[in-house]
Amino acid sequence: MKALDGIKILDFTHVQSGPTCTQLLAWFGADVIKVERPGEGDATRKQLVDVPGADSLYFTMLNHNKRSIELNPKTPKGKEILTRLVKSCDVLVENFAPGALDRMGFGWERIQELNPRMIMASVKGFGPGKYEDCKVYENVAQCAGGSASTTGFLDGPPLVTGAQIGDSGTGLHLALGIMTALFQRERTGRGQRVLAPMQDGVLNLCRVKLRDQQRLEKGPLTEYSQHGEGIPFGESVPRAGNDSGGGQPGRILKCKGWETDPNAYTYFITQAAAWPKVCDVIGKPEWKDDPDFATPKARLTRLNFIFETIEQWTMTKTKFEVMEICNPLDIPVGPILSMKEIAEDEGLRATGTIVEVDHPTRGAYLSVGCPIKFSDLEVEVKRSPLLGEHTEEILRDVLGYTENEIHEIAGSGAIGALPKAAE
Ligand code: COA
């Protein structure tokens with residue numbers, strides 16, 4: 001028994017944002033039917049290819065546990081099949097460019113006519129307004145949602161971050177929206193539209209920076225290192241380098257081996273409660289009673305000097321030794337882990353957050369499993385579908401087409417070529 005057993009998702013998503021959402025729903029037990037363009041499929045199948053002829057990691061890592069049907073809803077037969085799918089599914093998820101679904105003849109009005117219980121969930125780049133017609137990718141959303149202007153160093157250009165907060169972040173928002181709409185449908189019996197614009201999703205994740213914008217209007221942001229450096233603030237929240245975003249100052253500091261290892265660093269937070277222990281660990285016990293260092297307020301103007309001093313200590317230890325020493329003392333630190341280290345991390349493998357998945361054409365590969373853990377829901381990561389792998393089975397078992405009808409459909413151009421055995 002899985003949480004979403006019996007829920008059918010008509011998955012019109014592609015690239016990253018939408019597939020992130022539907023992959024989660026599939027992990028939670030929904031039957032996710034991914035609709036793909038005959039002969040081509042999701043464009044990511046052929047992007048960043050590492051094993052010639054096999055689906056790319058970009059695709060496989062975002063489409064686990066789904067079924068794939070090849071279908072062109074722009075053909076008459078394709079429209080008939082899509083109509084039947086809409087009638088038999090609970091949720092339609094899509095992240096086409098604005099207007100694409102309407103052009104196919106399946107806008108919200110039509111969907112409601114066909115199935116009033118259906119939830120129609122969309123990712124778009126922007127919400128209603130002057131940019132609503134724009135096509136948007138990850139980095140555009142990071143820029144338009146406020147992340148890029150607040151990421152990077154004060155003296156450098158805006159920076160995008162490696163975390164896919166625009167795509168995967170919005171996919172997460174949409175999944176929550178869908179679950180909420182399903183829950184509401186339990187009470188009302190009605191479906192509804194759910195929209196997760198990428199700009200809004202990024203902004204939601206940058207909430208603390210809008211907090212700081214309003215604080216800035218009242219005075220300097222004293223916890224930002226530029227304040228201690230005597231650099232005046234401008235009109236908007238500046239890039240804060242590796243300053244901690246909260247009230248507890250923190251920095252990235254070099255560790256043993258930094259000269260040759262680009263990731264021999266630790267994040268070090270001087271949480272007020274742990275300050276006496278920080279002083280002892282770094283060999284500065286006198287700072288505990290020194291009025292220049294004893295209080296968070298006094299430290300604010302000396303943060304650069306303080307972190308330089310702490311770094312003299314962290315540079316004598318590996319990032320893992322820093323963790324081993326500081327953790328028992330409740331000093332919050334974290335090693336900068338490389339992707340190689342994460343791929344090999346035994347703990348993440350033990351919890352299923354890093355999983356090895358087998359695939360018929362590409363062989364075994366690593367993926368990120370479900371990052372949410374349940375006490376009463378087991379998530380099993382199954383390989384992504386081959387293009388059109390389930391076309392026949394969905395037409396037959398979900399929609400009730402007979403073998404003869406399926407042959408007829410195959411000749412109409414609405415679906416891809418059927419496997420030899422079925423012809
Ligand atoms: N059969 C036939 N046609 C299909 C099809 C299928 N199964 N699936 C898609 N198509 C068509 C669409 O109907 C559309 O045709 P139209 O423009 O003539 O109406 C066409 O394929 C292209 O779709 P589109 O979504 O515009 O793809 P794109 O590659 O041009 O743009 C994005 C990609 C991501 C920029 C765009 O989809 C977008 O802005 N999406 C919303 C925001 C988003 O999710 N961005 C992040 C993606 S990770």
Side-chain angles (χ1 to χ4, degrees), residues 10-24 33-48 56 58-59 61-63 66-83 85-86 92-107 110-111 120-129 131-145 147 160 163-175 177-178 194-202 385 387-388 390-391 394-395 409 412-417:
L10 179 49
D11 181 9
F12 254 123
T13 69
H14 64 154
V15 202
Q16 186 183 163
S17 62
T20 303
C21 165
T22 51
Q23 176 166 264
L24 281 169
I33 299 172
K34 184 167 172 108
V35 179
E36 298 187 78
R37 197 199 291 254
E40 291 179 34
D42 188 325
T44 58
R45 284 186 185 268
K46 299 191 191 86
Q47 277 173 16
L48 312 175
S56 71
Y58 196 6
F59 177 83
M61 291 176 72
L62 284 160
N63 289 286
K66 304 179 184 176
R67 299 202 274 177
S68 165
I69 176 172
E70 285 178 286
L71 181 66
N72 183 348
K74 291 179 176 169
T75 65
K77 208 60 184 167
K79 282 199 196 311
E80 176 199 304
I81 296 167
L82 185 56
T83 301
L85 277 169
V86 169
L92 185 158
V93 193
E94 60 95 21
N95 66 312
F96 287 131
L101 213 53
D102 295 278
R103 290 194 287 277
M104 266 181 203
F106 289 87
R110 178 76 183 129
I111 299 283
M120 181 170 151
S122 307
V123 170
K124 295 287 168 258
F126 293 92
Y131 299 127
E132 67 187 7
D133 290 332
C134 297
K135 289 190 175 188
V136 167
Y137 282 105
E138 171 71 47
N139 288 347
V140 175
Q142 286 197 25
C143 295
S147 174
V160 293
Q164 304 288 283
I165 55 177
D167 280 342
S168 288
T170 308
L172 291 171
H173 282 100
L174 191 68
I178 291 170
V194 181
L195 171 67
M198 295 168 74
Q199 179 187 38
D200 307 41
V202 170
L387 177 59
H390 307 97
T391 302
I394 291 164
L395 291 175
I409 292 167
S412 75
I415 59 173

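We count ligands from 1, going down the list as the structure has it; atoms in each ligand are counted the same way.
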Distances for all N or O pairs of ligand 1 and the protein under 3.5 Å?
residue: ligand 1; atom: 7 (N); partner: R37; partner atom: N; Å: 3.3
residue: ligand 1; atom: 7 (N); partner: L71; partner atom: O; Å: 2.9
residue: ligand 1; atom: 13 (O); partner: K74; partner atom: NZ; Å: 3.3
residue: ligand 1; atom: 15 (O); partner: K74; partner atom: NZ; Å: 3.0
residue: ligand 1; atom: 17 (O); partner: R103; partner atom: NH2; Å: 3.2
residue: ligand 1; atom: 18 (O); partner: K74; partner atom: NZ; Å: 3.4
residue: ligand 1; atom: 19 (O); partner: R103; partner atom: NE; Å: 2.7
residue: ligand 1; atom: 19 (O); partner: R103; partner atom: NH2; Å: 3.3
residue: ligand 1; atom: 21 (O); partner: R37; partner atom: NH2; Å: 2.6
residue: ligand 1; atom: 25 (O); partner: A97; partner atom: N; Å: 2.8
residue: ligand 1; atom: 26 (O); partner: K135; partner atom: NZ; Å: 3.2
residue: ligand 1; atom: 30 (O); partner: K135; partner atom: NZ; Å: 2.4
residue: ligand 1; atom: 37 (O); partner: H14; partner atom: NE2; Å: 3.0
residue: ligand 1; atom: 37 (O); partner: N95; partner atom: O; Å: 3.3
residue: ligand 1; atom: 37 (O); partner: A97; partner atom: N; Å: 3.1
residue: ligand 1; atom: 39 (O); partner: V136; partner atom: N; Å: 3.2
residue: ligand 1; atom: 40 (N); partner: N95; partner atom: O; Å: 2.9
residue: ligand 1; atom: 40 (N); partner: F96; partner atom: O; Å: 3.4
residue: ligand 1; atom: 44 (O); partner: S17; partner atom: OG; Å: 2.9
residue: ligand 1; atom: 44 (O); partner: N95; partner atom: ND2; Å: 3.0
residue: ligand 1; atom: 45 (N); partner: V136; partner atom: O; Å: 2.7

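- Qualifying side-chain contact (heavy atoms from CB on, under 4.5 Å) partners for A100, counting only residues two or more places apart in sequence or in other chains: F96, R103.
- Across every non-hydrogen atom of P38 and G416, the tightest pair is CB-N, 3.8 Å.
- Closest approach of E40 and K46 over heavy atoms only: O-NZ, 3.3 Å.
- Applying the salt bridge (charged side-chain N to carboxylate O under 4.0 Å, His left out) test to E138 and every residue at least two apart in sequence or in another chain returns nothing.
- Residue L71 holds its CG atom at 13.5 Å from NZ of K34, rounded to the nearest 0.5 Å.
- Sequence neighbours left out, the pairs with a member in residues 69-78 that pass salt bridge (Lys or Arg N to Asp or Glu O under 4.0 Å) are K77-E80.
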